[in-house]
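Okay, so here's the structure we're looking at.
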There are 2 protein chains.
Amino acid sequence: MSEQKVFQEFLAEKNLRMTYQRKTILDVFLKTKTHVSPEDLYNLVKKRDSSIGQATVYRTLKLLSEAGLASEVDFGDGVMRYEHKYGQRHHDHLVCEVCGKKVEVFDPLIEELQEKLAKKHGFILTNHKMYLYGICNKCKRLQKKTR
Amino acid sequence: MSEQKVFQEFLAEKNLRMTYQRKTILDVFLKTKTHVSPEDLYNLVKKRDSSIGQATVYRTLKLLSEAGLASEVDFGDGVMRYEHKYGQRHHDHLVCEVCGKKVEVFDPLIEELQEKLAKKHGFILTNHKMYLYGICNKCKRLQKKTR
DNA sequence: TATAAAAATGAAAATGAAAATCATTATGTT
DNA sequence: AACATAATGATTTTCATTTTCATTTTTATA
Ligand SMILES: [Mn+2]
Ligand SMILES: [Mn+2]
Ligand SMILES: [Zn+2]
Ligand SMILES: [Zn+2]
């Protein structure tokens with residue numbers, strides 16, 4: 001099923017309306033590749049239609065998250081970011097603290113152990129956030145040279 | 001070594017001064033049990049000495065983090081929190097999305113796999129954040145009753 | 001199709017945590 | 001003491017996000 005269709009059904013379910021603005025924002029969002037902030041997206045949306053307001057972009061990103069089309073990514077720099085979720089496998093993030101490089105990573109065993117760990121404490125796990133911070137290969141090499 | 005001593009040495013190392021305010025803020029921080037926000041701590045500090053300003057509390061918490069005495073905890077609710085780090089084993093957090101209950105958890109195997117996962121991508125892991133969100137036992141039972 | 005009800009929008013203002021500013025005060029060093 | 005440096009607290013600023021609210025758009029109903 002297409003993302004537009006998923007959104008449509010999500011909205012119908014909640015008695016919300018598929019408006020021109022929401023359609024446009026989803027469309028522009030789907031064209032992005034990396035992790036976009038609401039402001040990033042707002043700027044892209046403005047290019048297509050400058051009458052769309054940023055409050056609507058914020059509101060729509062919330063809806064896209066609820067609909068399972070976007071997921072929030074919080075690198076801890078004070079700005080929320082969003083990435084595609086629909087049809088994407090879940091993954092976590094590895095971030096270089098020097099150059100900011102982001103790598104999407106996935107380890108099925110870690111995922112399984114997270115589940116078990118939660119269960120062990122009587123919890124049903126619904127979701128999780130995992131961010132690994134380190135120094136990437138390139139920055140490692142540069143540091144050696146400088147030393 | 002005592003926390004006060006650790007802080008003292010950290011400050012000396014950085015050519016910073018151990019002031020009455022810093023001493024007081026560390027002291028009050030060490031008396032806390034759970035995850036405190038800067039504002040929480042500011043309110044506690046005010047009780048001891050109402051002349052201490054909140055900017056100093058923010059600044060000192062930053063220093064305590066650098067000194068390895070406190071660690072930042074970000075539950076994603078827009079407020080940073082701090083917890084004791086000195087002499088504490090590293091742990092991650094399991095959070096109930098219904099009642100907000102927080103459990104401190106640790107799985108050595110997960111930690112090891114995080115290390116390996118980073119290495120696999122050419123990174124040297126320096127730290128990580130892991131938050132598990134779910135529904136606790138108590139809230140699970142309450143939900144069943146209501147249904 | 002007209003009409004009423006409900007939802008959505010955009011501009012602007014409000015919010016709130018955190019950081020920055022800056023005049024004043026405290027501390028350490030010759 | 002005299003000077004240099006660091007720290008402080010009141011205040012202002014910043015900036016992402018949320019809220020407000022008058023207006024517009026969409027949908028349901030007559
Ligand atoms: Mn994951
Ligand atoms: Mn951890
Ligand atoms: Zn790097
Ligand atoms: Zn609970």
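Small disclaimer: the values here were computed from a predicted structure and weren't measured. Lettering follows sequence order; numbering is per chain, from 1. Reckoned from all heavy atoms, side chains included, excluding hydrogens, waters and symmetry mates.
In this structure, A:Thr19 reaches the C:dT9 phosphate: one of its side-chain N or O atoms is under 4.0 Å from OP1 or OP2. Contact annotation: A:Arg17 does not reach the phosphate of D:dT27 (side-chain N/O to OP1 or OP2, under 4.0 Å).
Nearest nucleotide to the B:Arg22 side chain, out of D:dA7, D:dT17, C:dA7: D:dA7.
When the C1' atom of C:dA26 is taken as reference, atom CG of B:Leu16 falls 15 Å away, rounded to whole Å. With rounding to whole Å, A:Gln8 atom CD is found 14 Å from D:dT26 atom C1'. For B:Glu39 and C:dT15, the CD to C1' distance is 13 Å, given to the nearest whole Å. Remark: P of C:dG28 and CG of B:Leu11 are 11 Å apart, rounded to the nearest angstrom. What separates CG of B:Asp77 from P of C:dT15 is a distance of 20 Å, to the nearest Å. Distance B:Gln21 CD to C:dT24 P: 18 Å, rounded to the nearest Å. When rounded to the nearest whole Å, the span between CD1 of A:Ile25 and P of C:dA8 equals 13 Å. Computed from coordinates, the B:Met18 CE to C:dT27 C1' distance equals 14 Å when rounded to whole Å.
In this structure, B:Tyr86 and B:Leu30 have side chains that are not in contact, with every pair of non-hydrogen atoms separated by 4.5 Å or more. In this structure, the side chains of B:Tyr82 and B:Glu72 come closer than 4.5 Å at one or more pairs of heavy atoms.
Remark: the A:Glu3 side chain and the A:His84 side chain contain no N/O donor-acceptor pair separated by less than 3.5 Å.
The distance from atom CD1 of A:Ile25 to atom OH of A:Tyr20, rounded to the nearest 0.5 Å, is 9.5 Å.
A salt bridge is defined here as a Lys NZ or Arg NE, NH1 or NH2 lying under 4.0 Å from an Asp or Glu carboxylate O, and A:Asp27 with A:Arg48 meets this definition.
When each of B:His90, B:Arg89, B:Gln88, B:His91 is checked for a side chain to side chain donor-acceptor pair (under 3.5 Å) with B:Glu104, only B:His91 meets the rule. Considering B:His35, B:Lys129, B:Lys102 in turn, B:His35 is the only one that fulfils the side chain to side chain donor-acceptor pair (under 3.5 Å) rule with B:His93.
For the segment residues 48-75 of chain B, the set of residues with a heavy atom within less than 4.0 Å of an atom of DNA chain C comprises B:Ala55, B:Tyr58, B:Arg59, B:Lys62, in numerical order.
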